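When a ligand or atom number is given, it counts from 1 through the structure's own listing order. Starting from 1, each residue takes its place in the sequence as its number. The structure displayed is predicted, hence computed values, not measured ones. We use all heavy atoms of the structure for the numbers below, so side chains are in, but hydrogens, waters and symmetry mates are not.
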Amino acid sequence: MKQTILITGGAGFIGSHVVRLFVNKYPEYHIINLDALTYAGNLENLTDLDQSPNYTFIKADIRDAEAIDALFEKYPITGVCHLAAESHVDRSIAEPMAFITTNIIGTVNLLNAARKAWTGNFEGKRFYHISTDEVYGSLGSEGFFVETTPYDPRSPYSASKASSDHLVRAYFHTYGLPVVITNCSNNYGQNQFPEKLIPLAINNIKHMKPIPVYGKGENIRDWLYVIDHARAIDLVFHKGNNGETYNIGGFNEWTNISLIHVLCEIMDRKMNRPPGTSASLITYVKDRAGHDLRYAIDATKIQKELGWEPSLQFAEGLEKTVDWYLDNEEWMDRITTGKYQAYYEQQYHKR
Ligand code: NAD
Ligand code: TYD
């Protein structure tokens, strides 16, 4: 079926992989990538799609309800994959308001626009909200997050995502809007903004700068390769059931410090440095406020019901990731110098 799919946040890390997958896999679909191009949005992630006939980029802010309504009037949107968000926990601790306005109000603006455009004809429509495992709070050393785990968000980021999840569910129950939600664990891979642990560590090691480890480095995260997340999003968008939630995870838990040691070994090898060189950069710093101890996803539901599983082992995924950052120095340099933000002007303002 011909579909017009609005992907929000498509210039970001995960969104860019989802946009690429959908544009290339479904040439019969029209894919609209809506992104405000905040500091985290980088259109250079998608230069390979510039000439794709089934792809449109629109610079707009999901906080602007009128702009979102206008978009639904202009295009016959049949599906939404909503990824646009403020996504970094440390920024949410420093400046929570952007998280409230984008993650909560922005999501409601999209829900309202979809509801207005689709009321009376929900057949074949889908509003897919992409969320995080952080809404479930923090685990002790035992147990896993399942879809029925009570919400217990503990940072402004996770609280804003939890709030948006509740609103998406409320629109399903109240108005019958055909929604689906996924909650995923930590992603890693190419094109991740270097404020997050893995690209930050790779970049610092490369430049022989200290690797900041919060607290004792004992916090645990469950890591998933970003392309496996994009594959899961494709599957849930097409095969998931309305009103359902699916957890997505890597079955892959690491303490931060063990993960950093593995990265250090890979970097020593790739950069032909004596063993131990990178590890000497490990620097323990003040802990993050309210630092969640452990996230771990039980992804049995999506595995059993939709047949999804991660395709890559972590060792292989990390190698690929390190190779990508080392082979794409310019991408990182343009971020660290701020030059990446000029791409939109160059590419789109000439039209
Ligand atoms: P990101 O920060 O890399 O990208 C976010 C994108 O959203 C950017 O392109 C940014 O420009 C855009 N954006 C921000 N505010 C906007 C606004 N007001 N209007 C329009 N666009 C706006 O984030 P990411 O890591 O790719 O995460 C994408 C989604 O996946 C988020 O909803 C996040 O909560 C969720 N998620 C992320 C992870 C992870 O490990 N990164 C894990 C689970 C879920
Ligand atoms: P991050 O990549 O920010 O993801 P999240 O907070 O959403 O899990 O951080 C991953 C883990 O690494 C988290 O426990 C915080 C820790 N961390 C550091 O120790 N040092 C750093 O410089 C960063 C950015 C994170």
Margin query: I need the atoms of ligand 1 closer than 4.0 Å to a non-hydrogen atom of L37, numbered in the order shown.
Written below: 11 (O)

Next item on the list: Locate the shortest heavy-atom distance separating I211 from S278; write the atom from each residue and the value.
Entry: CD1-O, 3.8 Å

Check: At a 4.0 Å cut-off, with the gap strictly under it, does some heavy atom of Y39 reach an atom of ligand 1?
Finding: no

Next item on the list: State plainly whether one hydrophobic cluster holds both I260 and V322, where clusters connect Ile, Leu, Val, Met, Phe, Trp and Tyr through side-chain heavy atoms under 4.5 angstrom apart.
Entry: yes

Notebook entry, point to check: Where is the tightest heavy-atom contact between N183 and T132, given as atom of each residue plus distance?
Noted result: ND2-O, 3.0 Å

Notebook entry, point to check: Ring centroid separation for H30 and Y75, is it under 6.0 angstrom?
Noted result: yes

Check: If you count the atoms of ligand 1 from 1 in the order shown, which ones are under 4.0 Å from a heavy atom of C184?
Finding: 42 (C), 43 (C)

Check: Think R334 forms a cation-pi with Y343, using NZ or CZ under 6.0 Å from the six-ring centre and within 45 degrees of its axis?
Finding: no

Next item on the list: Give the residue and atom name of whichever protein heavy atom lies nearest to atom 18 (N) of ligand 1, and the separation in Å to one decimal.
Entry: D61 OD1, 2.8 Å

Check: Which protein non-hydrogen atom lies closest to atom 29 (C) of ligand 1, naming both residue and atom, and how far is it?
Finding: L83 O, 3.2 Å

Checklist line | atom 3 (O) of ligand 2 - nearest protein heavy atom and its distance | finding: R288 NH2, 3.1 Å

Checklist line | Per-atom contacts of ligand 2 with E134, taking only distances under 4.0 Å to non-hydrogen atoms | finding: 5 (P), 7 (O), 8 (O)

Notebook entry, point to check: To the nearest 0.1 Å, how far is atom 8 (C) of ligand 1 from its closest protein heavy atom, and which atom is that?
Noted result: D35 OD2, 3.6 Å

Check: Atoms of ligand 2 less than 4.0 Å from H291 heavy atoms?
Finding: 13 (C), 14 (O), 15 (C)

Note to self: Tell me the protein heavy atom at minimum distance from atom 20 (C) of ligand 1, and give that distance in Å.
What the structure shows: A36 N, 3.2 Å

Note to self: Return the closest protein heavy atom for atom 41 (N) of ligand 1 as residue, atom name and distance.
What the structure shows: I14 CD1, 3.7 Å

Check: Near H88, which atoms of ligand 2 are under 4.0 Å from a heavy atom of that residue?
Finding: 3 (O)

Checklist line | ligand 1-proximal atoms of K161, by part, heavy-atom distance under 4.0 Å | finding: side chain

Notebook entry, point to check: What atoms of ligand 2 come within less than 4.0 Å of a heavy atom belonging to V213?
Noted result: 19 (O)

Check: Taking atom CD of E329 as the centre, does the number of heavy atoms from other residues, nucleotides or ligands within less than 6.0 Å exceed 12?
Finding: no

Next item on the list: Report the part of Y157 (side chain from C-beta onward, or backbone N, CA, C, O) that has a heavy atom under 4.0 Å from ligand 1; answer both or neither where that applies.
Entry: side chain

Next item on the list: Over 60° means perpendicular and under 30° means parallel, so classify the ring planes of Y29 and Y26, tilted if in between.
Entry: parallel

Notebook entry, point to check: Contact between S16 and ligand 1, counting heavy atoms under 4.0 Å?
Noted result: no

Next item on the list: Search all heavy atoms of I62 against all heavy atoms of T102 and return the closest pair with its distance.
Entry: CD1-O, 3.5 Å

Next item on the list: Can you sort out which atoms of ligand 2 are near V89, meaning under 4.0 Å from one of its heavy atoms?
Entry: 6 (O), 7 (O)

Notebook entry, point to check: Nearest to atom 42 (C) of ligand 1, what protein heavy atom do you find, and at what distance?
Noted result: S185 O, 3.3 Å

Check: Has R115 got its NZ or CZ under 6.0 Å from the middle of the six-membered ring of F72, at an angle within 45 degrees of the ring axis?
Finding: no

Next item on the list: Determine the interplanar angle of the Y344 and F57 rings, folded into 0 to 90°, and report it as parallel if under 30°, tilted if 30 to 60°, perpendicular if over 60°.
Entry: perpendicular

Check: Nearest protein heavy atom to atom 3 (O) of ligand 1, by residue and atom, and its distance?
Finding: F13 N, 3.0 Å

Checklist line | Enumerated ligand 2 atoms positioned under 4.0 Å from heavy atoms of P212 | finding: 18 (C), 19 (O), 20 (N), 21 (C), 22 (O)

Next item on the list: Compute the shortest N/O to N/O distance between N187 and ligand 1 and return yes if it is under 3.5 Å, no if not.
Entry: yes

Next item on the list: Provide the number and element of each atom of ligand 2 under 4.0 Å from a heavy atom of E195.
Entry: 24 (C)

Check: Is the side chain of D35 donor-acceptor paired with the backbone N or O of K59 at a distance under 3.5 Å, no angle test?
Finding: no

Item checked: Ring centre gap for Y136 and Y151 strictly below 6.0 Å -> yes

Check: Does the pair D228/R231 count as a salt bridge with the N-to-O cut at 4.0 Å?
Finding: yes

Notebook entry, point to check: Looking only at N/O atoms, are T38 and ligand 1 under 3.5 Å apart anywhere?
Noted result: yes

Item checked: Proximal ligand 1 atoms for R63, defined as those under 4.0 Å from one of its heavy atoms -> 18 (N)

Item checked: Closest protein heavy atom to atom 23 (O) of ligand 1, given as residue, atom name and distance to 0.1 Å -> S87 OG, 3.2 Å

Checklist line | Identity and separation of the nearest protein heavy atom to atom 8 (O) of ligand 2 | finding: R221 NE, 2.7 Å

Notebook entry, point to check: Can you find a non-hydrogen atom of T8 under 4.0 Å from ligand 1?
Noted result: no

Notebook entry, point to check: In terms of ring plane angle, is the pair F145 and Y295 parallel, tilted or perpendicular, where the classes change at 30° and 60°?
Noted result: tilted

Next item on the list: Within a distance under 4.0 Å of any heavy atom of A60, pick out the atoms of ligand 1 and give their elements.
Entry: 19 (N), 20 (C)

Item checked: For N256, the ligand 2 atoms whose distance to one of its heavy atoms is below 4.0 Å -> 11 (C), 12 (O), 13 (C), 14 (O), 16 (C)

Next item on the list: Indicate yes or no for a side-chain donor-acceptor contact from N33 to the backbone of I31 under 3.5 Å, with no hydrogens or angles considered.
Entry: no

Next item on the list: Measure from atom 14 (C) of ligand 1 to every heavy atom in A84, A85, S158 and give the option owning the shortest one.
Entry: A85

Check: Does some non-hydrogen atom of S131 fall short of 4.0 Å from ligand 1?
Finding: yes

Notebook entry, point to check: Applying a 4.0 Å heavy-atom criterion (strictly less than), which segment of N186 is in contact with ligand 2: side chain, backbone, both, or neither?
Noted result: side chain

Item checked: Aromatic ring pairing W331/Y325, orientation class (parallel under 30°, perpendicular over 60°, tilted between) -> perpendicular

